[in-house]
Amino acid sequence: MLARHNGHRMTDPIATLTKLLEPIFSEMNGGDPADPVVRPSDRADAQINGALALAKKVGANPRDLAESVTESAALTDVASSLEVAGPGFINVEFSQPFLESLLAEVANDDRLGVAAATDLKTVVIDYSAPNVAKEMHVGHLRSTVIGDSLVRMMECLGHQVIRENHIGDWGRPFGMLIEHLLDLGEDVASSGLSQGDLDSFYKEANAKFAESETFQERARQRVVLLQGGDEETLVLWRRLVDMSNAYFNSVYSTLGVLLTDDDLAGESRYQPLMEGVYQRLDDAGLLSEDDGAMVVYPDGFKNRDGDPLPMIAKSRTGAFMYATSDLACVVDRVERLGADLMLYVVGSPQANHLEMVFSVCAKAGWLVEPTEAVHVGFGNVLGADGKMMRSRAGDSVKLADLLDEAIERAEAAIAEKNPELAADQRAKVAEMVGIGALKYFDLSTDRIKDYQFDWDRMLAFEGSTGPYLQYAHARICSVFRRADIERASVRQVPIALIEPQERALALRLLAYPTAITASLGTYAPHKLCTYVYELASDFSSFYQECPILKSKEPVRSSRLALADLTARVLAHSLGLLGIAAPEEM
RNA sequence: GCCCACGUAGCUCAGUCGGAUAGAGCGGGGACCUCCUAAGUCCUAGGCCGUCGGUUCGAUUCCGGCCGUGGGCGCCA
């Protein structure tokens, strides 16, 4: 009765039901596969909807088909009740021993029922991408946090993940930045940058560039030296990059993301590759001259006059453009790294640009199925006024300030709600809660949409928030502390599903693997967020209605085991979102 | 002008491959702590799923038109 998948027993009852039904539906469809369409239901544990679609296809009565499903013996081991309803829906109630055996399996599994993917891939994920000598802002928050979660989910399913942080470490602005660095003197500049005062450094350089023609000239000369590989200039450039990286790393550390120096893959890395890529475009006969520039015309793109829209490979002045750099990047990822899948966690405004890049790569034969490049786009962070979030001065908000404020606000809330927590413990928890709240708030809405930033809702301890999820986890840990029982000691204890809240919680726990694959299916972390919230919510109902420690054995142990398993899934799923699960808060 | 995304309760958002009565949180009204953290739970009110058509047994979901909002549309990245 038990389907196996990649060495793992399939522990999602819905998926198991689907597997058991497939032969029956196939048979009713004259031997061709037909989807049984099994879904969770609010009228039963699950509903089978496939009879309706199939009935239309084979010209049968849907209720008759449904009846023949309920009369077959295939589901006797898993279902305690099958009922045809309405035009041909089948309501399913899972049998208690079936659910209990699945639960025992999951409790005994370090992976909590999550099987590795069957088609393991090499996945390159491009995310974060701050600019050297500039502040990180809210836009980088989204890319960094979404990318980090996708990395964790992909790795969890066994894919080989290569993180790439495509930092802005090359280009024309570096002429003025290096000249400004020289003006300041290295000591001043390095201490300023190490404090994260990148904003003023960049702005000062920019202001000088705007005001002084001599400075402009110096900057231009410096760009020529930089691109020519002048040693002294490269040393200065390197210094700027290193100082910025140290700053980025401090932000990543506070944010708790996986990025390290090993993941750096800045624009500068692709400079030496662009000439070769350009030659290959030429050899393939894809280049045309237009108004002095060398361009490629990807199919299906038009400009505002309705004429074909070119992707510029080399400018009129003979310089390579960012599009060429992105082409080199794809080539490198496919040919050197062996990428099967490339994810670009980049804001929605770049959609058109990336489509053109991917299209040119396909045309040039560098991006051929099944190799795939996907733009994982995301919307803006908006302020309370519904417009792009800005500081009071009208600038973009510094990410570092945002993180600090999140932690401060969390600490204040914890001090108020749980004054008994020791101060050093409180500081640790405040970081987990503040950063977790910020990440959850960002991850929990559909990434493609803009979202409205709101401290009060983010850090509220009620509703679909990070703190609420963490609280559910902390409560479970607290139960075990109070009873002085090792969590691991209850993992072999059979779980009995008696009360409706226990049953609902069990069904949710068993749906965990499906929640991950669904979330990753569209690179949408918010789907996993929804799952974790529902899990925490189901636990809270259970906790309210089903006393744990006050119950008599064997109920007490069974509930402890259920609580332990819930805490494990909570911690694991929060982990996939990059959110910590404190044991106390 | 063309292209892309979005439009769901007062507010903020979910809604799986087309399924039965469209869900949650906040806010509103009410109930529950001598009891494992009330940072919680339960009940309740609140909807023309932007709009008009199409596809079909069935559309918030798929297709087309329109309206609204945001973004993009060649030598910055």
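Predicted, not measured: the structure shown is a model, and the values here were computed from it. So that the names make sense, note that chain A is the first sequence line, chain B the second, and so on, each numbered from 1.
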Considering every strand and a 4.0 Å limit on heavy-atom distances, what is the contact class for D326(A): base, sugar-phosphate, or nothing?
nothing

Assess the side chains of S557(A) and E553(A): does a donor N or O sit below 3.5 Å from an acceptor N or O?
yes

Identify whether any heavy atom of Q47(A) sits under 4.0 Å from a base atom; if not, whether one sits that close to sugar-phosphate; answer base, sugar-phosphate or nothing.
base

Looking only at atom C1', what distance separates A9(B) and C26(B), rounded to whole Å?
12 Å

Using atom C1' of each nucleotide, how far apart are G1(B) and G10(B) to the nearest Å?
38 Å

With a 4.0 Å cut-off on heavy atoms, is P349(A) in touch with a base, just the backbone sugar-phosphate, or nothing at all?
sugar-phosphate

Classify R172(A) by what it touches in the nucleic acid, base, sugar-phosphate, or nothing, heavy-atom distance under 4.0 Å.
sugar-phosphate

Spacing of the C1' atoms in C13(B) and C17(B) (rounded, Å):
23 Å

Residue mapping more 5' on RNA chain B - nearest nucleotide basis, A351(A) or K302(A):
A351(A)

C43(B) and C62(B): how far apart are their P atoms, nearest whole angstrom?
32 Å

When rounded to the nearest Å, what value does the distance between P atoms of U69(B) and C75(B) take?
28 Å

Taking Watson-Crick and G-U wobble pairs with both distances under 3.5 Å, convert RNA chain B into its dot-bracket string, 5' to 3', dots for unpaired and | for cross-strand pairs.
(((((((..((((.....[...)))).(((((.......))))).....(((((..]....))))))))))))....

Run the ring pair (Phe, Tyr, Trp, His ring centres under 6.0 Å) check on F358(A) and Y344(A) step by step: do they pass?
CA-CA 11 Å; F358(A) 299 157; Y344(A) 287 74; 5.2 Å; yes

Indicate yes or no for a side-chain donor-acceptor contact from R447(A) to the backbone of V345(A) under 3.5 Å, with no hydrogens or angles considered.
no

C36(B), C75(B), C42(B): which one has an atom nearest the side-chain heavy atoms of M321(A)?
C75(B)

Nearest listed nucleotide, side chain of T445(A), among C75(B), A14(B), U16(B)
A14(B)

Would you mind reading off the distance between R475(A) atom CZ and C36(B) atom P, rounded to a whole angstrom?
11 Å

With sequence neighbours excluded, tell me which residues meet side-chain contact (heavy atoms from CB on, under 4.5 Å) with A293(A).
V295(A), I312(A)

Touch class at under 4.0 angstrom, heavy-atom based, for Q470(A) against every strand present:
nothing

With a 4.0 Å cut-off on heavy atoms, is S540(A) in touch with a base, just the backbone sugar-phosphate, or nothing at all?
sugar-phosphate

When the C1' atoms of A24(B) and C66(B) are compared, how many Å lie between them, rounded to an integer?
32 Å

Walking RNA chain B from its 5' end, the first of F480(A) and A536(A) to be reached, judged by nearest nucleotide, is F480(A)

Under 4.0 Å, heavy atoms only, any strand: does A53(A) hit a base, just the sugar-phosphate, or nothing?
base

Select base, sugar-phosphate, or nothing to describe what H353(A) touches, counting heavy atoms under 4.0 Å on all strands.
nothing

Once you apply a heavy-atom cut-off of 4.0 Å, does I548(A) come out as touching a base, just sugar-phosphate, or nothing?
base

Would you please say whether a donor-acceptor pair under 3.5 Å links the side chains of T324(A) and Y270(A)?
no

Can you measure D454(A) atom CG to C11(B) atom P for me and round it to whole angstrom units?
15 Å

Distance-only donor-acceptor check, side chains D454(A) and Q452(A), under 3.5 Å
no

Round to a whole Å and report the spacing from OH of Y533(A) to P of G15(B).
15 Å

Distance check, C1' atoms only: U51(B) and A14(B), in whole angstrom units.
23 Å

Distance only, no hydrogens: is a donor on one side chain within 3.5 Å (strictly under) of an acceptor on the other, for Y533(A) and S444(A)?
no

Quick check: any donor-acceptor pair below 3.5 Å linking the side-chain of D291(A) to the base of C75(B)?
yes

Need one value for P547(A): base, sugar-phosphate or nothing, where a base atom within 4.0 Å counts as base even if backbone is also close, heavy atoms only.
base

From the candidates G58(B), U12(B), A39(B), the one with an atom nearest any side-chain atom of Q452(A) is U12(B)

A474(A) near the nucleic acid: base, sugar-phosphate alone, or nothing, with a heavy-atom cut-off under 4.0 Å?
base

Going by a 90° cut-off around 0, is C66(B) syn or anti?
anti

Could you note down all residue pairs passing ring pair (Phe, Tyr, Trp, His ring centres under 6.0 Å) where residues 38-61 of chain A supplies at least one of them, sequence neighbours left out?
none

Taking donor-acceptor contacts at under 3.5 Å, does the side chain of D290(A) reach the base of G74(B)?
yes

Return the orientation label for the W170(A) and W237(A) ring planes: parallel under 30°, perpendicular over 60°, tilted otherwise.
perpendicular

Think H526(A) has a side-chain N or O under 4.0 angstrom from the OP1 or OP2 of G15(B)?
yes

CD of Q350(A) versus C1' of G71(B): gap in Å, rounded?
12 Å

With a non-hydrogen cut-off below 4.0 angstrom, is Y543(A) in contact with a base, only sugar-phosphate, or nothing?
base

Using a 4.0 Å heavy-atom cut-off across all strands, classify R304(A) as base, sugar-phosphate, or nothing.
base

What is the separation between atom CZ on F539(A) and atom P on A38(B), rounded to the nearest whole Å?
11 Å

For C477(A), which contact category applies under a 4.0 Å heavy-atom criterion: base, sugar-phosphate, or nothing?
nothing

Length of the CD1-C1' vector between I448(A) and U69(B), whole Å
16 Å

Within the supplied structure, the quantity of interest is the number of heavy atoms (other residues, nucleotides, ligands) at a distance under 6.0 Å from K417(A) NZ; does it exceed 12?
yes

Parallel under 30°, tilted from 30 to 60°, perpendicular over 60°: which one fits the rings of W455(A) and F453(A)?
perpendicular

Calculate the interatomic distance between F301(A) atom CZ and G1(B) atom P; express it in whole Å.
22 Å

Say you pick atom P in C11(B) and the same atom in G64(B); how far apart are they, in whole Å?
30 Å

Would you mind reading off the distance between D538(A) atom CG and G40(B) atom P, rounded to a whole angstrom?
16 Å

